[in-house]
Amino acid sequence: MKKIWFSLLSISMLVLISCQEDAPTAEEIIAKSITAHGADIAANATLDFTFRGIKYKVDRYGGRYTYEREFAKGDDLVKDQLNNDGFTRSIGDSIVSLPDSLRSRYSASLNSVVYFAQLPYSLDGDAVILENLGTDQINDQEYYQIKVTFTEDGGGEDHEDEFIYWIDTTDFLVDYLAYSYCEDDCGFRFRESVNRRTIDGIVIQDYNNYRSSNSDPTLEDLDTAFEAGQLVLMSEIKTEFPEVTIKSAP
């Protein structure tokens with residue numbers, strides 16, 4: 001009897017070890033998701049779009065990037081630009097001298113819009129810390145649940161924010177995400193992907209943006225609250241009028 005029990009235990013342990021070895025790492029899942037969203041194409045392309053009435057341009061080529069936005073302020077045209085070399089603001093034809101606090105704020109604001117518009121493009125950066133929380137189900141669909149945090153060095157002024165991504169186990173697209181933040185105040189958000197479309201191989205998607213009625217929710221449980229109808233729809237995050245221009249690889 002002891003031999004049978006020992007054999008069954010040994011088989012169970014081997015199966016468990018085999019499953020653990022076969023399970024993809026967080027880095028592998030994110031890499032497949034980035035590819036599924038068309039990052040290899042976006043790495044050498046220009047994306048123009050409008051967000052909340054402001055025009056944005058994301059230009060990438062050979063490891064260089066330039067993020068731009070333009071908007072009217074009175075009779076003047078304001079242009080913000082963030083690239084590998086830093087941030088500048090121009091009004092008309094003149095570059096404006098900004099204190100470090102404003103330069104940091106405007107830079108973070110521009111980067112944030114691009115970050116969400118092109119997720120999960122940037123989730124393989126050096127400052128990104130990935131953790132595989134296992135699989136989860138939302139509305140009977142199975143997802144990889146990946147937690148994302150950032151190092152202080154290189155993680156930007158919002159490096160303390162935490163994210164969770166629900167990535168479809170079959171097509172590796174991001175269907176849901178949740179995050180915590182602390183800016184002027186602190187809070188939690190849950191986003192549901194909607195209006196997904198593919199333009200020249202690059203996936204563009206909008207989001208329904210929810211908040212929790214619970215003042216102190218658990219980030220990992222926001223999907224459960226979503227399924228139970230316990231989240232409040234705050235806004236719609238729309239990447240409008242997207243246009244893609246593909247460049248030849250360098």
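Dense packing is recorded around CG of Leu77, with more than 12 heavy atoms of other residues, nucleotides or ligands lying under 6.0 Å away. Within a 6.0 Å sphere centred on CG of Asp93, other residues, nucleotides and ligands contribute 12 heavy atoms or fewer. Surrounding CD of Glu243 are at most 12 heavy atoms belonging to other residues, nucleotides or ligands under 6.0 Å away.
Judged by distance alone, the side chain of Glu142 and the main-chain N or O of Thr135 form no donor-acceptor pair under 3.5 Å. At least one donor-acceptor pair closer than 3.5 Å links the side chain of Thr25 to the backbone N or O of Glu28.
Within the 4.5 Å cutoff, no side-chain heavy atoms of Ile95 are placed close to those of Arg89. Here the side chains of Thr46 and Lys57 are in contact, with some heavy-atom distance below 4.5 Å. With a 4.5 Å cut-off on side-chain heavy atoms, Ile237 and Arg52 count as touching. Looking at Phe150 and Val128, their side chains come closer than 4.5 Å, going by heavy atoms from C-beta outward. Side-chain atoms of Ile164 and Leu133, non-hydrogen and from C-beta on, do get closer than 4.5 Å to each other.
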For Glu68 and Gln81, run side-chain hydrogen bond (donor to acceptor under 3.5 Å, both in side chains): C-alpha distance rounded to whole Å, both residues' side-chain angles, the deciding distance at 0.1 Å, then the answer. CA-CA 5 Å; Glu68 296 179 351; Gln81 185 178 92; 2.8 Å; yes
Would Phe49 and Val58 satisfy side chain to side chain contact (heavy atoms under 4.5 Å, CB included), going step by step from the backbone distance to the final call? CA-CA 9 Å; Phe49 64 95; Val58 182; 4.0 Å; yes
Test log, rule side chain to side chain contact (heavy atoms under 4.5 Å, CB included), inputs Leu173 and His37: CA-CA 7 Å; Leu173 296 176; His37 280 263; 3.6 Å; yes
Going through the checks in order, is the side chain to side chain contact (heavy atoms under 4.5 Å, CB included) test met by Tyr106 and Phe87? CA-CA 8 Å; Tyr106 296 154; Phe87 176 86; 3.4 Å; yes
Begin from the C-alpha positions of Asp59 and Lys247 and carry the test salt bridge (Lys or Arg N to Asp or Glu O under 4.0 Å) through to its verdict. CA-CA 10 Å; Asp59 184 85; Lys247 304 177 182 181; 2.5 Å; yes
I would like to know whether Tyr176 and Ser193 meet side chain to side chain contact (heavy atoms under 4.5 Å, CB included); could you show each step before the answer? CA-CA 6 Å; Tyr176 304 94; Ser193 168; over 6 Å; no
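Here the shortest heavy-atom pairing between Ser212 and Leu222 reads CB-CD2, 3.9 Å. When every heavy atom of Leu177 is checked against every heavy atom of Phe116, the shortest pair comes out as CD1-CE2, 4.3 Å. Residue Ser248 comes nearest to Tyr61 through the heavy atom pair O-CE1, 2.9 Å, listed as atom of the first residue, atom of the second, then distance. Between Ile202 and Ala45, the shortest heavy-atom distance links the atoms CD1-CB, 4.3 Å. Scanning both residues, Asn44 and Gly62, for their nearest heavy atoms gives OD1-N, 2.9 Å. Shown here for Gly63 and Asn84, the closest heavy-atom pair between the two residues is O-ND2, 3.4 Å.
Using a 4.5 Å cut-off between side-chain heavy atoms of Ile, Leu, Val, Met, Phe, Trp and Tyr, with links allowed through other members, Val114 and Phe71 fall into the same hydrophobic cluster. Cluster annotation: Ile34 is connected to Ile246 through the hydrophobic network of ILVMFWY side chains, with a link wherever side-chain heavy atoms come within less than 4.5 Å. Ile138 and Leu233 fall within a single hydrophobic cluster, where Ile, Leu, Val, Met, Phe, Trp and Tyr side chains are chained together by heavy-atom contacts under 4.5 Å. When hydrophobic clusters are built by joining Ile, Leu, Val, Met, Phe, Trp and Tyr residues whose side-chain heavy atoms come closer than 4.5 Å, directly or via intermediates, Tyr115 is not grouped with Ile129. The hydrophobic cluster containing Val174 also contains Ile199, counting ILVMFWY residues as joined when their side-chain heavy atoms lie under 4.5 angstrom apart, directly or transitively.
None of Thr169, Thr224, Asp223 except one satisfies the side chain to side chain contact (heavy atoms under 4.5 Å, CB included) rule with Asp136; the exception is Asp223. Under the side-chain hydrogen bond (donor to acceptor under 3.5 Å, both in side chains) rule, Tyr143 has a single partner from Asp175, Asp168, Thr170, which is Asp175.
Judged by the 6.0 Å distance and 45° axis criteria, Arg60 is positioned over the aromatic ring of Tyr121. A cation-pi arrangement is not found for Arg189 relative to Tyr210, the charged atom failing to lie both closer than 6.0 Å to the ring centre and inside a 45° cone about the ring normal.
Note that OG of Ser90 and CG of Asp76 are 11.5 Å apart. Values are rounded to the nearest 0.5 Å. Note: Asp75 CG to Ile91 CD1 = 12.0 Å, rounded to the nearest 0.5 Å. To the nearest 0.5 Å, the span separating CZ on Arg191 from CD on Gln205 amounts to 11.0 Å. Taking CD1 of Ile54 as the reference point, atom CG of Leu110 lies at 10.0 Å (rounded to 0.5 Å). With values rounded to the nearest 0.5 angstrom, Arg69 atom CZ is found 13.5 Å from Thr50 atom OG1. With rounding to the nearest 0.5 angstrom, the OG1 atom of Thr35 is 10.0 Å from the CD1 atom of Ile41.
Taking the six-membered ring for Trp and the full ring otherwise, Trp166 and Phe226 have centroids separated by 6.0 Å or more. Separation of the Phe188 and Phe190 ring centroids does not fall under the 6.0 Å cut-off.
In this structure, Tyr165 and Phe163 have parallel ring planes: the angle between them is below the 30° cut-off, well short of the 60° mark.
Contact check on Asp206 versus Arg197 returns a salt bridge, with a Lys/Arg side-chain nitrogen under 4.0 Å from an Asp/Glu carboxylate oxygen. Using a 4.0 Å cut-off between charged nitrogen and carboxylate oxygen, Glu240 and Lys238 do not count as a salt-bridge pair. Remark: Asp100 engages Arg103 in a salt bridge, criterion side-chain N to carboxylate O under 4.0 Å.
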